Trainee: 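My questions all concern the structure below.
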Amino acid sequence: MNHHPLSLTRQPVVLLHGLARTSRSLNRMQRYLDAQGFDTVNLNYPSTRLSLEALATQHLYPALLARFGADSLPLHFVTHSMGGILVRVLRASKPDISIGRVVMLSPPSQGSEVVDKLGKLRLFKLINGPAGGQLGAVDNQLLQNLGSPDFECGVITGDRSVNPLLSLMIKGPNDGKVSVERAKLTGMRDFLVLPATHPFIMRNQTALEQTLHFLREGRFQHKR
């Protein structure tokens, strides 16, 4: 039995990792949100084996139903990278899932410049699978059809890179995988840029605190 004093009001938060990562990458976020009174579920999914549509309908949807049942509270989400696209695909394909607030960390909301440049390469396809190839911007019907979110969404992205080679492929400030500009999502409620890199933004202390603030308030805390 869970005797946490907030057990009656512990709101569910689903954590979704990025492409070619695992739920371990979000362990720090999970511990932090748990300690703040949320009921977190850190889902693992086979990000490099299936298309985004298949991941949403064959993995994410059944996992959420099994955990929360059909008429759950609105589910909040915290996503990293491709996880942000996955929530939008879930929304489009399974509108019966009730979505509350969503914080997206470094999402390729408008497609990734890196995928535009490298996506056709055999090695890229081998490493990143079908979903990885769907993250480019050129002729991307999937991203265009997803449109604006009908849930409260906050986007946090970084402008530091651990990969100078990939950064050369990207115009303007970027986190080594996604430009600040392309992380933006039309219809988002709030937007924040941190001095963080793509692979590690979800462990950044400020990102943790701002994620919590958005889940509670529906906006980030901006310096006056």
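These figures come from a predicted structure and were not determined experimentally. Side chains included, hydrogens not; waters and symmetry mates left out as well; all remaining heavy atoms used.
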Trainee: With heavy-atom distances below 4.5 Å as the criterion, would you say the side chains of C153 and V155 are in contact?
Mentor: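 Counting from C-beta outward, C153 and V155 do come under 4.5 Å.
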Trainee: Nearest heavy-atom pair of S109 and A183: which atoms, and what distance?
Mentor: OG-O, 2.7 Å
Trainee: Indicate whether any N or O donor in one side chain lies under 3.5 Å from an N or O acceptor in the other, for S81 and H198.
Mentor: yes
Trainee: Working to the nearest 0.5 angstrom, can you tell me the gap between Q58 CD and R49 CZ?
Mentor: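 The CD atom of Q58 sits 11.5 Å away from the CZ atom of R49.
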Trainee: Charged N to carboxylate O below 4.0 Å: is that the case for D96 and R91?
Mentor: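 Between R91 and D96 there is no salt bridge, as every charged N stays at least 4.0 Å from the carboxylate O atoms.
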Trainee: Do the side chain of Q134 and the main chain of L52 share a donor and acceptor less than 3.5 angstrom apart?
Mentor: yes
Trainee: What's the spacing between L90 CG and L55 CG if we round to 0.5 Å?
Mentor: 11.0 Å
Trainee: Under 4.5 Å between side-chain heavy atoms, counting indirect links through other Ile/Leu/Val/Met/Phe/Trp/Tyr residues: same cluster for L19 and F200 or not?
Mentor: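 In one cluster: no.
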Trainee: Say whether V41 and I97 are linked into one hydrophobic cluster, either directly or through other cluster members, by side-chain heavy-atom distances under 4.5 angstrom.
Mentor: yes
Trainee: Set out, in order, the CA-CA distance, both residues' side-chain angles and the distance that settles side-chain contact (heavy atoms from CB on, under 4.5 Å) for F38 and R10, then state yes or no.
Mentor: CA-CA 5 Å; F38 285 94; R10 279 169 80 81; over 6 Å; no
Trainee: Are L143 and V180 connected in the hydrophobic side-chain network, where two residues link if heavy atoms are under 4.5 Å apart?
Mentor: yes
Trainee: Is any side-chain heavy atom of L75 closer than 4.5 Å to a side-chain heavy atom of L64?
Mentor: yes
Trainee: Using modelled atom types and a 3.5 Å cut-off, is there a donor and acceptor pairing between side-chain atoms of Q110 and backbone atoms of E181?
Mentor: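 Side chain of Q110 to backbone of E181: a pair is present.
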Trainee: Does Q221 offer a backbone N or O that forms a donor-acceptor pair with the side chain of Q210 under 3.5 Å?
Mentor: yes
Trainee: When you check the side-chain N and O atoms of R101 and Q11, is any donor under 3.5 Å from an acceptor?
Mentor: no
Trainee: Is it the case that the side chain of S23 and the backbone of L43 share a donor-acceptor pair, with hydrogens and angles ignored and the cut-off at 3.5 Å?
Mentor: no
Trainee: For the side chain of R182 and the backbone of P108, is there at least one donor-acceptor N/O pair under 3.5 Å apart?
Mentor: no
Trainee: Would Y32 and T211 count as a side-chain contact (heavy atoms from CB on, under 4.5 Å) here? Give the steps.
Mentor: CA-CA 10 Å; Y32 179 77; T211 295; over 6 Å; no
Trainee: Go through T22 and N44 one step at a time and tell me if the side chain to side chain donor-acceptor pair (under 3.5 Å) criterion holds.
Mentor: CA-CA 6 Å; T22 70; N44 234 344; 4.7 Å; no
Trainee: Which heavy atom in S51 sits nearest to a heavy atom in P130, and how many Å separate them?
Mentor: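 So the two residues come closest at N-CB, 3.8 Å.
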Trainee: Short question: side chain of R21, backbone of P199 - any donor-acceptor pair under 3.5 Å?
Mentor: yes
Trainee: With a 4.5 Å limit on heavy-atom distance, are the side chains of K177 and S106 in contact?
Mentor: no
Trainee: Compare every heavy atom of I201 with every heavy atom of A207, then report the nearest pair and how far apart it is.
Mentor: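 Closest approach of A207 to I201, heavy atoms only: CB-O, 3.3 Å.
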Trainee: For a side-chain contact (heavy atoms from CB on, under 4.5 Å) check, start with the C-alpha distance between L50 and H59, then their side-chain angles and the critical distance, and finish with the verdict.
Mentor: CA-CA 10 Å; L50 299 165; H59 278 271; 3.6 Å; yes
Trainee: Say whether V178 and M188 are linked into one hydrophobic cluster, either directly or through other cluster members, by side-chain heavy-atom distances under 4.5 angstrom.
Mentor: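 No, because V178 and M188 fall into different hydrophobic clusters, even though each may have its own neighbours under 4.5 Å.
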Trainee: Among T79, V78, T157, exactly one meets side chain to side chain contact (heavy atoms under 4.5 Å, CB included) together with M104. Which residue is that?
Mentor: T79
Trainee: Look at the side chain of R160 and the backbone N and O of D175, then say whether any donor-acceptor pair between them is shorter than 3.5 Å.
Mentor: no
Trainee: Just by modelled atom types, is the F220 backbone N or O under 3.5 Å from a matching donor or acceptor in the D190 side chain?
Mentor: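 Judged by distance alone, yes, a pair lies under 3.5 Å.
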Trainee: Supply the atom-to-atom distance L105 CG to L16 CG, rounded to the nearest 0.5 angstrom.
Mentor: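 L105 CG to L16 CG: 11.0 Å, rounded to 0.5 Å.
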Trainee: With a 4.5 Å heavy-atom cut-off, do F151 and V87 have their side chains touching?
Mentor: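 When only atoms from C-beta onward are counted, V87 and F151 do touch, with a gap below 4.5 Å.
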Trainee: Could you grab the distance from atom NE2 of H80 to atom CG of L15, nearest 0.5 Å is fine?
Mentor: 12.5 Å
Trainee: Should the ring pair Y45 and H17 be called parallel, tilted or perpendicular, given that the plane angle runs from 0 to 90° and is split at 30 and 60?
Mentor: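 Ring orientation, 0 to 90° scale: parallel.
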Trainee: Could you tell me whether the side chain of T40 reaches within less than 4.5 Å of the side chain of H76, counting heavy atoms only?
Mentor: no
Trainee: Should V193 and I170 be regarded as members of a common hydrophobic cluster, given that ILVMFWY residues are connected when their side-chain heavy atoms come within less than 4.5 Å of each other, either directly or indirectly?
Mentor: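 Per the 4.5 Å side-chain linkage, V193 and I170 are co-clustered.
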Trainee: Between G147 and L185, what is the shortest heavy-atom contact and its length?
Mentor: O-CD1, 4.4 Å
Trainee: Between R24 and Q30, is a side chain to side chain donor-acceptor pair (under 3.5 Å) present by the stated rule, with each step listed?
Mentor: CA-CA 9 Å; R24 280 200 304 274; Q30 180 177 30; over 6 Å; no
Trainee: Are side-chain heavy atoms of K94 and T57 found at a separation under 4.5 Å?
Mentor: yes
Trainee: When you look at I156 and V103, which way does the side-chain contact (heavy atoms from CB on, under 4.5 Å) test go after all the steps?
Mentor: CA-CA 7 Å; I156 303 177; V103 178; 4.1 Å; yes
Trainee: Is the side chain of S148 donor-acceptor paired with the backbone N or O of T186 at a distance under 3.5 Å, no angle test?
Mentor: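 Yes; at least one donor-acceptor contact below 3.5 Å.
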Trainee: Counting C-beta onward and ignoring hydrogens, is there a side-chain heavy-atom pair between N42 and N27 closer than 4.5 Å?
Mentor: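 Sidechains of N27 and N42: in contact.
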Trainee: Nearest 0.5 Å, what's the CG-OG1 distance between L192 and T206?
Mentor: 8.5 Å
Trainee: Testing the basics here: between G176 and S161, what is the closest heavy-atom pair and its distance to 0.1 Å?
Mentor: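 Between these two residues, the closest heavy atoms are CA-OG, 3.3 Å.
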Trainee: So F214 and E209, do their side chains get closer than 4.5 Å, heavy atoms only?
Mentor: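 Result no, sub-4.5 Å side-chain heavy-atom pair not found.
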Trainee: Drop me the distance from R88's CZ to L142's CG, to the nearest 0.5 angstrom.
Mentor: 8.5 Å
Trainee: With a 4.0 Å cut-off on N to O distance, would you call E113 and K171 a salt bridge?
Mentor: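 No, this pair does not count.
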Trainee: Please name the pair of heavy atoms, one in S47 and one in A131, separated by the smallest distance, quoted to 0.1 Å.
Mentor: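 Heavy-atom minimum between the residues: O-CB, 3.7 Å.
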